[in-house]
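Have a look at the structure below, then the notes.
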Amino acid sequence: MLSPTSKWSYNLFLNTFLLIFVLSFNLGSSTSKCNPNDKNNLLEIKKHFNIYGNASTFVSWDPNTDPCTNWTVGINCDTNGRVTNLLISSDYDVVGEIPASIGELPYLQSLYLSYLPHLSGPIPLFLAKLTNLEQLKLGYNLSGSIPEFLGQLKKLTVIDLSSNTLTGSIPSSLSHLPKIRYISFENNMLSGSIPTSFGSIKSLGQLFLNSNNLSGPIPSSFSRLSNLNFLDLRQNQLTGNIPPSFGSFKALYLYLSFNNLSGPIPRSFGNANLPQLLISNNKFTGDASFLFSKDNTVISFIDISNNLFNFDFSNVDLPQSLNYLDISHNKIYGSLPKRLGQLPLKGIDVSFNQLCGKIPTGRRLKRFKPTLFSNNKCLCGPPLLPCR
Ligand SMILES: *[C@@H]1O[C@H](CO)[C@@H](O)[C@H](O)[C@H]1NC(C)=O
Ligand SMILES: *[C@@H]1O[C@H](CO)[C@@H](O)[C@H](O)[C@H]1NC(C)=O
Ligand SMILES: *[C@@H]1O[C@H](CO)[C@@H](O)[C@H](O)[C@H]1NC(C)=O
Ligand SMILES: *[C@@H]1O[C@H](CO)[C@@H](O)[C@H](O)[C@H]1NC(C)=O
Ligand SMILES: *[C@@H]1O[C@H](CO)[C@@H](O)[C@H](O)[C@H]1NC(C)=O
């Protein structure tokens, strides 16, 4: 056991150690006062955006203090006093176009001008000067098109231009970004087709192009995106089949609902690792029974509703992992498999098909609303009327 004296010296040692640590930390950032050019540009940015003078982002942006040490919101610096991150977010009182002074912060790695409802104008060419940029998120009210030059910012790992009013097509030059992991252009007004060249972006993990006006097919080159784990193409005007080569992904959340896709879905989906498959509101035809397999331990969400699927449901092998099943508004026939009554389902809809026979008993299914089983050929039993 420590004596009181040695305990005291032990504490002294600890405190001294902490003090040295804290001092050297402060020393590190205070010797590196903000680069004067960077400071001037930050003050320009403030002047440009803060037209009402009340934007909360800029409260600490005092011209008489040092940005790297004293400005508490919106910026980070490296040890040389260069501004590496500019993060202006969720501020109603930030108003106007992206100012040219942002292009004069050459050490920027992250640029977030996000959730700014009054950020307007195009994505300006001077952002091409930010060659150290790794993360770019801009929104909410930008117009114009997605510029080609983004394909030259080779360090980019994240591009998020979601929820603007961007028009025009997606530049294929973005496929030249060697490190890009995340692309979101969701909720814009983009048109034209999805660049085939995107199939060569080996690093791509997540691609969100949903809620646009994209047309043409899903490029079959996408089958080569071995790191892809989230593909959301919902709510576009895509046509054609799902490429037969789809299915070899490691684990893909695949969302294709509300398009104009057609044909049968690929057989390869039978042994694909698809935790969630959302392909409703298209014109898919034929068999989908191979989606269901007792051996499938990953699929939790299947929505194939509002298509033209036409197959016998009686003998499908339902996966235990299934939480949510929507097969409504198709031409599916046969009966509901017994096992359906035993799955831990949180949601189900089998309405508007050609199903017949007794709804499986078990504690689960009768809790659901009758309408989720209605408009079939002759389904019966709880929650519908008793079988005759
Ligand atoms: C900031 O000023 C503008 C213009 O006067 C006003 O519309 C806005 O509500 C103000 N914001 C806050 C948080 O007071
Ligand atoms: C700026 O920050 C430093 C370090 O935190 C502090 O010592 C100094 O008092 C601050 N200056 C002002 C004017 O707030
Ligand atoms: C959105 O941008 C347009 C110009 O592109 C502008 O006229 C409009 O006022 C902006 N909306 C808001 C909410 O600031
Ligand atoms: C969507 O694209 C179609 C042509 O493919 C065009 O006729 C239509 O106007 C576009 N809609 C919007 C909102 O851009
Ligand atoms: C959807 O595809 C059908 C042919 O399969 C075509 O006749 C129809 O015009 C397409 N609709 C849209 C909105 O693209």
Side-chain angles (χ1 to χ4, degrees), residues 15 18-103 111-127 136-147 149-150 160-170 184-191 211-213:
N15 285 340
L18 282 177
L19 200 66
I20 290 167
F21 180 76
V22 169
L23 274 182
S24 61
F25 182 77
N26 271 349
L27 216 64
S29 42
S30 61
T31 46
S32 56
K33 271 182 62 169
C34 187
N35 175 284
N37 287 333
D38 285 4
K39 181 174 180 176
N40 281 340
N41 284 308
L42 290 170
L43 288 169
E44 284 297 317
I45 292 165
K46 173 181 175 179
K47 193 168 119 194
H48 171 94
F49 272 147
N50 199 19
I51 61 170
Y52 302 136
N54 64 0
S56 57
T57 302
F58 304 114
V59 169
S60 66
W61 290 31
D62 179 344
N64 300 315
T65 62
D66 182 60
C68 296
T69 39
N70 299 90
W71 297 8
T72 51
V73 175
I75 66 152
N76 284 110
C77 304
D78 63 14
T79 49
N80 300 318
R82 302 307 303 240
V83 176
T84 52
N85 301 358
L86 180 61
L87 313 166
I88 302 178
S89 189
S90 308
D91 192 334
Y92 269 83
D93 301 309
V94 166
V95 179
E97 301 197 356
I98 300 175
S101 12
I102 288 182
L111 175 59
Y112 278 58
L113 303 174
S114 55
Y115 311 110
L116 300 175
H118 298 293
L119 183 71
S120 58
I123 300 171
L125 183 59
F126 53 71
L127 295 186
L136 177 66
K137 181 170 166 68
L138 302 173
Y140 276 155
N141 186 32
L142 297 176
S143 50
S145 56
I146 299 175
F149 72 73
L150 292 180
D160 185 343
L161 304 176
S162 57
S163 301
N164 286 290
T165 56
L166 300 170
T167 51
S169 56
I170 299 173
S184 177
F185 298 147
E186 73 175 56
N187 199 16
N188 278 287
M189 292 155 64
L190 299 170
S191 54
S211 302
N212 277 289
N213 200 7

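Values in this document were obtained by computation on a predicted structure and should not be read as measured data. For ligands, and for the atoms within them, numbers begin at 1 and follow the listed sequence.
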(request) Decide yes or no on side chain to side chain contact (heavy atoms under 4.5 Å, CB included) for Asn212 and Leu166, but give the supporting numbers first. (result) CA-CA 9 Å; Asn212 277 289; Leu166 300 170; over 6 Å; no
Sequence neighbours excluded, the answer for salt bridge (Lys or Arg N to Asp or Glu O under 4.0 Å) partners of Asp38 is Arg82
In ligand 3, the atoms that come under 4.0 Å of a heavy atom of Ser143 are 5 (O)
Taking every heavy atom of Trp71 against every heavy atom of Leu42, the minimum-distance pair comes out as CZ3-CB, 3.7 Å
Closest non-hydrogen atoms of Val83 and Cys34, given as atom of the first, atom of the second and distance, are CG2-SG, 4.2 Å
Worksheet entry | Thr69 versus Asp66, side-chain donor and acceptor atoms under 3.5 Å | yes
Quick note on ligand 2: atoms under 4.0 Å from a heavy atom of Thr65 include exactly 13 (C)
* Is the Tyr140 ring parallel, tilted or perpendicular to the Tyr115 ring (thresholds 30°, 60°)? -> perpendicular
Ligand 3 to Pro117, heavy atom cutoff 4.0 Å, flagged ligand atoms 12 (C), 13 (C), 14 (O)
If we number the atoms of ligand 3 from 1 as shown, the ones under 4.0 Å from a heavy atom of Ser120 are 2 (O)
Less than 4.0 Å from some atom of ligand 1, heavy atoms are found in residues Tyr52, Asn54, Asp93
Validation row: Asn188, Ile146 side chains within 4.5 angstrom (heavy atoms): no
Between Ile98 and Phe49 the two heavy atoms that sit nearest each other are CA-CZ, 4.4 Å
